[in-house]
Amino acid sequence: MPNPRVMILTNRWYESGGVENFIRQLVRETRDSVDYVVVSLITHVEDSLPCEKVGPVIPSGNISGIYSDSGRIIRTLQGQHCDVIHIQASNGSAFYLAHLAERAGIPKRIVHSHNAGGETDSDAIKKLMGSLSSAVYSRAATDLWACSRNAGEHLFGNRPFTVFMNGIDIAKYAFSKEKRVCLRHELEVGEDSFLLGSIGRISKQKNPLFQVRVFHELKRLLPNARFCMVGSGDMEQEVDGFIDSLSLSDDIIRVKKTSDAASFYSAFDGLLFPPVFEGLSFVGIEAQCSGLPVYGSEALPRELKITDRIAFWSLDESPSAWAERIASSVGSLSIDDRPRYSDVLRDAGFDRKTCFARIAKSYGGARA
């Protein structure tokens, strides 16, 4: 029996994005049992994924083209001859894409919610179109999946859905003293410095200006503190300008991309993670696997509390309040305790082999 042919559809491809990390790991872990093609609507899929890659589909590079360029999308979907389309969703527009997939003749149409919140205020039009699409085309999806209970309830309301936990490579993200020493040497950060870090897109969802404000306050309390921001995105120029305005350029290390997030988790002494909205983040899971203290916002789903290394604080609190909490925790941290947390993650069921095998099995069926 041939393997099912599955199209993984995403709006855009961010190399350092959490959804992209999910896709990357899923494809690599299950490619022997599934024939994948990854399609990005408005960007190239710039990755060494071991499968077919298609994109951009919409020439304008504007995601609103899913409505104005629907014919082109349908032709692309038809041309791939897939049994399953797995749509990575952040809002209700995913249901319109499921509708286009239905018109293209794809029998199994999965909408997979990855976020427990919606667009920011500046995305009012996208939010409206997403709400309308969800209302009109909700029945176009044959399966509703989510990375967390919050993410499912946000997009699907009271409709039944299936939660698939984000699995990780436990051995890869376990704390490594060797990686810590090597990377801190490369970053020119001494072992006597407190290295705060963040990993993720430099976008409104991830709250980067708040991150910089917290570090600015932390620097007053811990003169030996440094901050390493790993990621890129549409707010880079604004963030870099803000860093300059606070005279923090010498204390903040900017790394635009990395293929080795595991080394950064080992090198960091704390992870600053205050998103405005978020699903069951790989970053939060990977950091805990490394035994890294995570200073998170209350927007994070409670399923992310896998260990005692994560805290959830309100974004209504001031950056100085966050900084005081971080500073007060420093004395209780020890890298000697970090290696054991990989076993905690394994025992909690976050090993990627188990998680992704469940997804591959759920695709079901085979090509006719």
Apply side chain to side chain donor-acceptor pair (under 3.5 Å) to the pair R28 and S48, showing each step before the final yes or no. CA-CA 10 Å; R28 290 175 177 162; S48 58; 3.1 Å; yes
Would you say the side chains of S93 and N91 form a donor-acceptor pair under 3.5 Å? yes
Decide if atom CG of D234 counts as having more than 12 heavy atoms of other residues, nucleotides or ligands within a radius under 6.0 Å. yes
Could you check whether R358 makes a cation-pi contact with F164, meaning its NZ or CZ is under 6.0 Å from the centre of the six-membered ring and within 45° of the ring axis? yes
Presence of salt bridge, R180 and E191, under 4.0 angstrom: yes
Between Y67 and S133: side-chain donor-acceptor atoms closer than 3.5 Å: yes
L144, V6: one ILVMFWY side-chain cluster at the under-4.5 Å cut-off? yes
Short side-chain donor-acceptor distance under 3.5 Å, N3 and S33: no
About how many Å separate CD of E52 and CE of M7, when rounded to the nearest 0.5 Å? 9.5 Å
Establish, from distance only, whether the side-chain atoms of S134 and S131 form a donor-acceptor pair under 3.5 Å. no
Kindly indicate, with the supporting measurements, whether the criterion side chain to side chain donor-acceptor pair (under 3.5 Å) is fulfilled by S329 and Y295. CA-CA 10 Å; S329 73; Y295 311 115; 3.1 Å; yes
Side chains of S334 and D337 only: does a donor on one sit below 3.5 Å from an acceptor on the other? no
Within a strict 4.5 Å, meaning less than it, do heavy atoms of the P59 and D69 side chains meet? yes
Please check if any side-chain donor atom of S64 sits under 3.5 Å from a side-chain acceptor atom of N62, or the reverse. yes
Check whether more than 12 heavy atoms from other residues, nucleotides or ligands sit under 6.0 Å from atom CZ of R302, and answer yes or no. yes
Can a donor-acceptor pair be found between the side chains of Y265 and E286 at a distance below 3.5 Å? yes
Could you check whether the rings of Y96 and H99 sit parallel, tilted or perpendicular, using 30° and 60° as the cut-offs? tilted
Ring-ring centroid check Y363 H86, cutoff 6.0 Å: yes
No-hydrogen, no-angle side-chain donor-acceptor test under 3.5 Å, N115 and Q205: yes
Going by atom types only, do R201 and S232 share a side-chain donor-acceptor pair under 3.5 Å? no
Quick check: do L196 and C228 have side-chain heavy atoms less than 4.5 Å from each other? no
Assess whether a salt bridge exists between D83 and K108, defined as any Lys/Arg side-chain N lying under 4.0 Å from an Asp/Glu carboxylate O. no
I'd like to know if the side chain of R24 reaches the main chain of E15, judged simply by a donor and an acceptor atom lying under 3.5 Å from each other, with no hydrogens or angles considered. yes
Same cluster for F273 and Y14 if Ile/Leu/Val/Met/Phe/Trp/Tyr side chains link at under 4.5 Å? no
Per salt bridge (charged side-chain N to carboxylate O under 4.0 Å, His left out), D269 is matched among R309, R226, R184 by R184
Looking just at side-chain N and O atoms, do N21 and Q25 make a donor-acceptor pair shorter than 3.5 Å? yes
Are D143 and R109 close enough for a salt bridge, meaning some N to O gap below 4.0 Å? no
